Amino acid sequence: MIAFNNVTKSYGTNIGIQDVTVQIDKGDFVFLVGPSGAGKSTFIRLILKEIEADKGSIKLNGMEITNLPNRFIPKLRRNTGIVFQDFRLLPKKTVYENVAFAMEIIHTTPRTIRRQVPQVLSLVGISSKAGKYPHELSAGEQQRVAIARAIVNNPTVLIADEPTGNLDPDTAWEIMKLLEQINIRGTTILMVTHAKDIVDKMEKRVIAIDKGRIVRDDASGSYGAYEDERTPCVRAGGVFDSHVK
């Protein structure tokens, strides 16, 4: 599904990731953890082809993407959904329109959009909010819209980049349950997070990265020693960090 083989990416004298070899299989739910600056963002950006590796091989869905021509990148990204900490919804579009837009840009037929958007809104539990605008929604509802938008084109991989970072404790767990349901339906999930309590409680696969290298890969692991020292957001049951890596 996702395979890195001896991948290195540098930014001048700074190492993004160094000699990383790892495989994430179809149907996996993986937490990517590590201190700020460890290489997590570089890992994601390489998968999305936002940057190019200096050396090594990267495969996604069995396709070698390391040197993929630019004209094929939009097609590649259609099979990869992404959810961010800050939602990134279009403020002047309704919930329905935000989700539909993800289908419109790949020229999906109006008939398919009319059928599929209500289905995915129902899946994420916000059917009743279809006509609302982002500013009329709670943070948790906005994240559900973002997830709906990310999965409406049926991606094989969903990358969740700090999806609970701006959410209160109860809402964060609701989002995690939703992501788990999506994973059970067959979507591979790679989630970057600093939320130690979530990682420890979920007991999913944990890949820890530090100074650009993978230092731990546990099939059912815990967050470990990678605490970030910046502005923790204390909450019942543990700690959420209130920032992006």
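Only this structure's heavy atoms are used, side chains among them; waters, hydrogens and symmetry mates stay out. Counting begins at 1 with the first residue of the sequence. This one's a predicted model, so the numbers in the text were calculated from it and none came from an experiment.
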- Task: Could you walk me through whether Val30 and Ile2 pass side-chain contact (heavy atoms from CB on, under 4.5 Å), step by step?
- Result: CA-CA 11 Å; Val30 179; Ile2 302 172; over 6 Å; no
- Residues Asp28, Arg205; criterion side-chain contact (heavy atoms from CB on, under 4.5 Å); working and verdict: CA-CA 8 Å; Asp28 277 357; Arg205 181 180 174 188; 3.1 Å; yes
- Item | Stepwise side-chain contact (heavy atoms from CB on, under 4.5 Å) check, His194 with Lys40 | CA-CA 11 Å; His194 287 99; Lys40 301 184 298 297; 4.0 Å; yes
- Item | Trp173 and Ile198: CA distance, side-chain angles, deciding distance, side-chain contact (heavy atoms from CB on, under 4.5 Å) verdict | CA-CA 8 Å; Trp173 281 113; Ile198 282 181; 3.8 Å; yes
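Ile15 and Ile214 sit in two unconnected hydrophobic clusters of ILVMFWY residues. Membership requires side-chain heavy atoms under 4.5 Å apart, directly or through other members. Transitive grouping of hydrophobic side chains (ILVMFWY, heavy atoms separated by less than 4.5 Å) keeps Val120 and Ile106 in distinct clusters. Note on Leu46 and Tyr11: same hydrophobic cluster, where clusters join Ile, Leu, Val, Met, Phe, Trp and Tyr whose side-chain heavy atoms are under 4.5 Å apart, directly or indirectly. In the hydrophobic cluster analysis, where Ile, Leu, Val, Met, Phe, Trp and Tyr join through side-chain heavy atoms closer than 4.5 angstrom, Tyr133 is grouped apart from Val124. Taking hydrophobic clusters as Ile, Leu, Val, Met, Phe, Trp and Tyr residues chained together by side-chain heavy-atom distances below 4.5 Å, Ile105 does not share a cluster with Tyr96.
A donor-acceptor pair is defined here as one N or O able to donate and one able to accept, closer than 3.5 Å; no such pair exists between the side chain of Asp19 and the backbone of Val7. Between the side chain of Thr109 and the main chain of Thr112, a donor-acceptor pair closer than 3.5 Å is present. Looking at Arg149, its side chain never comes within 3.5 Å of a backbone N or O of Val95 through a donor-acceptor pair. The backbone N or O of Val192 lies less than 3.5 Å from no partner atom in the side chain of Asp161, so there is not a single donor-acceptor pair.
Taking CD1 of Ile17 as the reference point, atom OG of Ser41 lies at 11.5 Å (rounded to 0.5 Å). Atom CG of Asn98 is separated from atom NZ of Lys93 by 7.5 Å, given to the nearest 0.5 angstrom. Atom NZ of Lys204 and atom OG of Ser220 lie 8.5 Å apart (nearest 0.5 Å). Distance CZ/Phe31 to CG/Asp218: 13.0 Å, rounded to 0.5 Å. To the nearest 0.5 angstrom, Glu136 atom CD is 9.0 Å from Lys129 atom NZ. To the nearest 0.5 Å, atom CE of residue Met191 and atom CD of residue Glu162 are 7.0 Å apart.
In this structure, Leu121 and Val99 have side chains that are in contact, with non-hydrogen atoms separated by less than 4.5 Å. Residues Phe87 and Arg144 are not in side-chain contact: their nearest non-hydrogen atoms beyond the backbone lie 4.5 Å or more apart. Annotation: side chain of Leu190 is not in contact with side chain of Ile207 (no heavy-atom distance under 4.5 Å). A 4.5 Å side-chain heavy-atom check between Leu179 and Leu158 finds at least one atom pair inside the cut-off. When side chains are defined from C-beta on, His135 does not count as touching Pro91, because their heavy atoms never get closer than 4.5 Å. Using a 4.5 Å heavy-atom threshold, the side chains of Gln116 and Asn154 count as touching. In this structure, Glu97 and Leu90 have side chains that are not in contact, with every pair of non-hydrogen atoms separated by 4.5 Å or more. Residues Leu89 and Phe101 are not in side-chain contact: their nearest non-hydrogen atoms beyond the backbone lie 4.5 Å or more apart.
Nearest heavy-atom pair, Pro118 versus Arg114, reported as atom, atom and distance to 0.1 Å: CD-O, 3.1 Å. Residues Val83 and Pro163 share a closest heavy-atom pair of CG1-CB, 4.3 Å. When every heavy atom of Gly27 is checked against every heavy atom of Thr188, the shortest pair comes out as N-OG1, 2.8 Å. Scanning all heavy atoms of the two residues, the minimum distance from Pro155 to Ala150 falls at CG-O, 3.3 Å. Between Asp210 and Pro35, the shortest heavy-atom distance links the atoms OD1-CG, 3.4 Å. Here the shortest heavy-atom pairing between Thr193 and Tyr223 reads O-CE1, 3.6 Å.
In this structure, Thr8 has no side chain to side chain donor-acceptor pair (under 3.5 Å) partners at least two apart in sequence or on a different chain. With sequence neighbours left out, Gln23 forms a side chain to side chain donor-acceptor pair (under 3.5 Å) with Asp25.
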Listed pairs under 3.5 Å, donor-acceptor, residues 47-55 side chains, sequence neighbours left out:
| from | atom 1 | to | atom 2 | distance (Å) |
| --- | --- | --- | --- | --- |
| Lys49 | NZ | Glu52 | OE1 | 2.8 |
| Lys49 | NZ | Glu52 | OE2 | 3.1 |
| Lys49 | NZ | Ile65 | O | 2.8 |
| Lys49 | NZ | Thr66 | O | 3.0 |
| Glu50 | OE1 | Arg45 | NE | 3.4 |
| Asp54 | OD2 | Ser10 | N | 2.7 |

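When ring centroids are compared, Phe43 and Phe4 come within the 6.0 Å threshold.
We find that Lys196 and Asp200 are joined by a salt bridge, their nearest charged nitrogen and carboxylate oxygen being less than 4.0 Å apart.
The residue from Asn153, Asn61, Val157, Leu60 that alone fulfils the side-chain contact (heavy atoms from CB on, under 4.5 Å) condition with Asn79 is Asn61.
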